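Working notes, beginning with the structure itself.
Just so we're clear, the structure is a prediction, and the values are computed from it rather than from any experiment. For ligands, and for the atoms within them, numbers begin at 1 and follow the listed sequence.
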Amino acid sequence: MNTIHIALLGYGTVGKGVYQTIKNHQSRFKALLGSEVKIAAVLVRNIERHHLPDQDVLLTTNFEDILQLPKLDVVVDAIVGSEPSFTYLQAAIKKGCHVITANKEMFAHHGGQLKALADQHQVSIGFEATVAGGIPVIQTLNTLLNINKITKLEGILNGTSNFILTKMRQEDLSFADALKLAQELGYAELDPTNDVEGIDAFYKAMILSQVVFGEQPQWNDVQRKGITEITAEKIKLFSGIGLRFKHVACLEKTETGIKCSIKPVLVSQTHPLYQVEGVQNAISIDADIVGNIAIQGPGAGMFPTASAVVEDFIHLYNPIQSTQYQEAQKKKAAAAPINWIITGEGLGQFKANVPLNSVKVLHPRVLLASGVEEDFANYVKEDPKLEYFQVFGEVNLLGKSKDNKIFIKI
Ligand SMILES: NC(=O)c1ccc[n+]([C@@H]2O[C@H](COP(=O)([O-])OP(=O)(O)OC[C@H]3O[C@@H](n4cnc5c(N)ncnc54)[C@H](OP(=O)(O)O)[C@@H]3O)[C@@H](O)[C@H]2O)c1
């Protein structure tokens with residue numbers, strides 16, 4: 001079997017997430033690509049701080065060692081800052097490697113140059129992880145851009161700021177106390193400037209602008225304001241009239257060029273960003289054919305970001321999903337048990353054709369059971385007093401039937 005060799009630049013939050021994800025998903029890679037995927041080397045700054053779980057992976061502080069690897073197909077960039085990342089990725093592209101980056105600062109500055117270089121060397125660049133972590137916003141935009149024209153984009157692109165604003169409102173905290181909490185929980189750096197002053201969101205907005213409009217606005221023309229001047233009093237005042245502060249990056253193409261702002265705004269209940277709370281990110285996209293689409297999810301973190309990197313990786317390799325794989329997936333989906341709520345009079349005679357241990361009592365008149373729809377459809381058909389509903393999401397179990405028996409007193 002073929003092996004695809006990857007070098008990982010950086011072994012911090014993102015690097016470790018990518019390493020583990022690749023290691024733990026070999027069967028998926030094999031099914032999708034017909035190849036094994038191997039991390040061949042990891043680049044760090046302070047070698048003494050790191051220990052890799054696998055002995056055969058090279059750990060180095062010297063990028064030349066990476067370039068000298070006998071087999072190298074993809075370089076994943078999970079280091080910090082424009083340099084040396086830009087220099088390293090240029091060298092990797094020139095060597096004929098595909099590159100994937102999570103480094104938004106570098107990509108906002110040099111994305112255009114890297115893309116041109118990659119085209120010249122016929123390799124690809126993945127950068128999904130640079131914007132909104134685990135949310136597939138770049139893929140979504142690329143899919144929409146075929147016939148739709150995107151007219152406006154509004155996004156909560158920094159989870160730390162959103163967390164701080166949420167906590168200030170929900171727990172009546174000052175900015176300083178909410179920031180301290182974010183730091184204690186690991187959501188904010190010791191130096192939070194990039195997050196709370198909107199610099200991180202600015203880089204992400206520039207990358208989005210490049211994707212959506214093919215160019216960035218003049219950086220000096222962008223209105224950038226952080227959240228440091230938002231007080232608990234202002235938050236309270238506005239939430240009293242149904243408005244919430246959100247730190248929003250807004251991109252719009254006007255007749256005079258691209259208009260971009262990154263600033264705190266007041267959002268009402270009718271806007272898709274109103275419900276986006278805590279460290280979540282979200283992007284609201286207005287396009288001329290489809291209308292408004294809003295996507296929300298984890299904007300940072302070890303595995304959400306690793307998810308974006310490995311999905312980019314699969315796209316680079318243009319997956320040929322084998323018929324065998326697709327059939328196996330279909331069978332798996334068909335066989336997967338679904339949760340159902342069964343409710344109504346007469347639960348005492350519940351005799352659906354499902355394993356007894358899959359039935360839980362939530363309430364004397366409410367059972368939670370898992371199985372395939374036919375089991376419940378046949379059962380309920382015989383008794384018009386009963387109804388069943390499919391359950392989306394997790395259900396908090398309040399109790400269990402004794403001895404897994406399903407005879408319930410009503
Ligand atoms: N954290 C997230 O949730 C997230 C989400 C999306 C995107 N990103 C982006 O992903 C990148 C990595 O973020 P992170 O949170 O994983 O950072 P991190 O935890 O600080 O880790 C950075 C890693 O890069 C290494 N490194 C830094 N500069 C280097 C250099 N000049 N040469 C070699 N290695 C170097 C560090 O090595 P040492 O440990 O030896 O110092 C460390 O292993 C950043 O560009 C960030 O903006 C992060």
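Heavy-atom proximity to Pro84, at under 4.0 Å, picks out these atoms of ligand 1: 31 (N). With ligand atoms numbered from 1 in the order given, ligand 1 contributes 23 (C), 42 (C), 43 (O) to contacts under 4.0 Å with heavy atoms of Tyr11. With ligand atoms numbered from 1 in the order given, ligand 1 contributes 2 (C), 3 (O) to contacts under 4.0 Å with heavy atoms of Gly301. Per-residue contacts place Ala129 under 4.0 angstrom from the following atoms of ligand 1 (heavy atoms of the residue considered): 6 (C), 7 (C). Below 4.0 Å from some heavy atom of Arg49 lie the following atoms of ligand 1, by number and element: 41 (O). Taking every non-hydrogen atom of Ala300 and a distance limit under 4.0 Å, the qualifying atoms of ligand 1 come out as 3 (O). Atoms of ligand 1 lying under 4.0 Å from any heavy atom of His50, numbered from 1 in the order shown and given with element: 38 (P), 39 (O), 40 (O), 43 (O).
For Asn292 and Ser284, the side-chain atoms include at least one donor-acceptor pair closer than 3.5 Å. Under the 3.5 Å distance criterion, with hydrogens and angles disregarded, no donor-acceptor pair is assigned to the side chains of Asn194 and Asp200.
The protein non-hydrogen atom at the shortest distance from atom 37 (O) of ligand 1 is Arg45 N, 3.3 Å. Remark: minimum distance from atom 12 (C) of ligand 1 to any protein heavy atom is reached at Ala78 O, 3.3 Å. Protein heavy atom nearest atom 47 (O) of ligand 1, with residue, atom name and distance: Lys104 CE, 3.2 Å. Nearest protein heavy-atom neighbour of atom 48 (C) of ligand 1: Val14 CG2, 3.4 Å. Here the heavy atom of the protein found nearest to atom 7 (C) of ligand 1 is Ala102 O, 3.2 Å. The shortest contact between atom 20 (O) of ligand 1 and any protein heavy atom is with Val80 CG2, 4.0 Å. Nearest non-hydrogen protein atom to atom 32 (N) of ligand 1 is Leu43 CD2, 4.2 Å. Considering only non-hydrogen protein atoms, atom 35 (C) of ligand 1 sits nearest to Ile79 CG2, 3.5 Å.
Relative ring orientation between Phe127 and Phe107 is described as parallel, the plane-to-plane angle staying below 30° on a 0-90° scale split at 30° and 60°. Phe63 and Tyr88 have parallel rings, their planes meeting at less than 30° on a 0 to 90° scale where 60° marks the start of perpendicular.
Between Phe86 and Gln113, the closest side-chain pair of non-hydrogen atoms falls below 4.5 Å. Taking the side chain as every heavy atom from C-beta outward, Met206 and Pro217 approach each other to under 4.5 Å. Within the 4.5 Å cutoff, the side chain of Phe202 has no heavy atoms near those of the Leu157 side chain. Ile6 is listed as a side-chain neighbour of Val37, based on a closest heavy-atom distance under 4.5 Å.
A salt bridge does not link Lys167 to Asp177: none of the charged side-chain nitrogens sits closer than 4.0 Å to a carboxylate oxygen.
Residue contacts with ligand 1, taken as heavy atom pairs separated by less than 4.0 Å, involve Val44 via backbone and side-chain atoms alike.
To the nearest 0.5 Å, the span separating CG on Leu52 from OH on Tyr19 amounts to 5.0 Å.
Annotation: cation-pi geometry satisfied between Lys16 and Tyr11 (NZ/CZ under 6.0 angstrom from ring centroid, within 45° of ring axis).
For ligand 1, the polar-atom distance check against Gly10 finds no nitrogen or oxygen pair separated by under 3.5 Å. Among the atoms of Tyr88, none of the N or O lies under 3.5 angstrom from an N or O of ligand 1.
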